[in-house]
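Some notes on the structure that comes next.
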Amino acid sequence: MINRQFTLAAYAEGVPTERNFTLVEAPLADPGPGQLLVQAHYFSMDPFPRLRISGDASVAPQLPLGSVMIGRGVGQVVASQHPDFPVGCHVAGELGWQEYALSDGNGLRLVDPALAPLPAYLGLLGPSGLAAYFATLRQGQPKAGETVVVSAAAGSVGSTACQIAAIAGARVVGIAGGANQLAFLQSLGATPVDYSDAKNLPQALGAASPQGIDVFVDMVGGSVHDAVMEHLNVGARIVLVGTIANYNLGPGEVDTGPRHLYRWILKRVRLSGFLVGDYAAEWPAALAELASWLRDGRLRYRETIFDGFESAPQAFASLFGGDNVGKMLVKLLRET
Ligand SMILES: NC(=O)c1ccc[n+]([C@@H]2O[C@H](COP(=O)([O-])OP(=O)(O)OC[C@H]3O[C@@H](n4cnc5c(N)ncnc54)[C@H](OP(=O)(O)O)[C@@H]3O)[C@@H](O)[C@H]2O)c1
């Protein structure tokens, strides 16, 4: 049998394109002792792998050229010599951009399609939901009546963070761009603010946050981050989750740097860097709470789904612009 894979053809400059990847066909190996073979049903499109394919090796460890492109996915075990992952079970985790992944089980978790649709385990009931949960509640610590601002708010982490902040009793302002994204935020009960009108962003944020900003869950950085700084309240918490505005810049280029030190002093701000992996020990409890909020209707999620294995490069590029909402996915197969 043949395994189709996307390998890294060239490091990306700017937004990645199809030219950065090569579609190859490789023979499919049988799993050896302690291994399993997973047939991918969905690929998860996440911004972080962009940093691993940057020409600038100082940003993150570079993926070697010719490697299968990294990426998480969800699928079904079709052959196994691993006691924890029998044939027929479903798993989520790092699979790479390939139709079949041979794995030793490291980094994979069992998921149950009877409890939630498979793609949910890549979004709300996966790393996106967990990032939103811990960034918002643990590091942002919103109190009832406070104002929480979320950037990239219509995306996978952002849209969940908006809803979790609302569950905590906060007023929520979501920064996003484009009619779809703004309408989605409105449907979630957040006050939408459009970042496309960069010049007016500080003013629009002021109008949307008349009592100032207490918590900022920032996925974007750059000029969006700067605009929020103008409205911080004393004791504000800034949670640095991502800087997607910078991911496609070249070596040495930065959208903006830290230049609000005086404001941070004046407002006695607490600024914290966030990595979802730091909370790994608490993931099971958080996933149970996210699932219960999903069941009782307090959390909702949306997906943007590209159809077919070949669409992976295009779906990846769409993370960096395109007025898409929710979790970005590539669908390879119908669920079984
Ligand atoms: N620290 C952690 O542990 C952790 C974990 C998960 C995710 N993250 C970070 O969280 C962020 C969101 O990840 P995600 O998976 O949920 O992706 P996502 O939000 O679903 O997709 C990316 C979003 O970013 C927006 N965006 C792209 N370029 C932008 C720019 N220059 N200015 C403003 N918005 C821009 C896109 O909207 P447009 O269509 O408007 O461009 C899109 O809504 C990323 O920065 C990611 O690296 C961090």
Would you say the side chain of [Y] lies within less than 4.5 Å of the side chain of [X], judging by non-hydrogen atoms?
| X | Y | answer |
| --- | --- | --- |
| V149 | V215 | no |
| V38 | V74 | no |
| P27 | N3 | no |
| C162 | L185 | yes |
| L63 | I70 | yes |
| Y100 | R4 | no |
| E25 | Q5 | no |

Looking at [X], I'd like to know if its [atom1] atom is crowded, meaning that more than 12 non-hydrogen atoms belonging to other residues, nucleotides or ligands lie closer than 6.0 Å.
| X | atom1 | result |
| --- | --- | --- |
| N106 | CG | no |
| Q203 | CD | no |
| E13 | CD | no |

**Message:** For S54 and D56: C-alpha separation, side-chain torsions, deciding distance, then whether side chain to side chain donor-acceptor pair (under 3.5 Å) applies.
**Reply:** CA-CA 5 Å; S54 169; D56 181 359; 5.3 Å; no
Do [X] and [Y] have their ring centres less than 6.0 Å from each other?
| X | Y | answer |
| --- | --- | --- |
| W97 | F316 | yes |
| Y247 | F48 | no |
| H90 | Y121 | no |

**Modelled atom types, side-chain donor and acceptor of Q211 and T147, under 3.5 Å** = no
**Item:** Any side-chain donor near an acceptor of the partner, K327 and T304, under 3.5 Å
**Value:**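 Their side chains do not contain a donor-acceptor pair, so the 3.5 Å distance test is not met.
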**Message:** Is the ring pair F85/H82 parallel, tilted or perpendicular, if the boundaries are 30 and 60 degrees?
**Reply:**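 Perpendicular.
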**Request:** May I ask whether Y279 and V241 are part of the same hydrophobic cluster, defined by side-chain heavy atoms of I, L, V, M, F, W, Y residues being less than 4.5 angstrom apart, directly or through others?
**Result:** yes
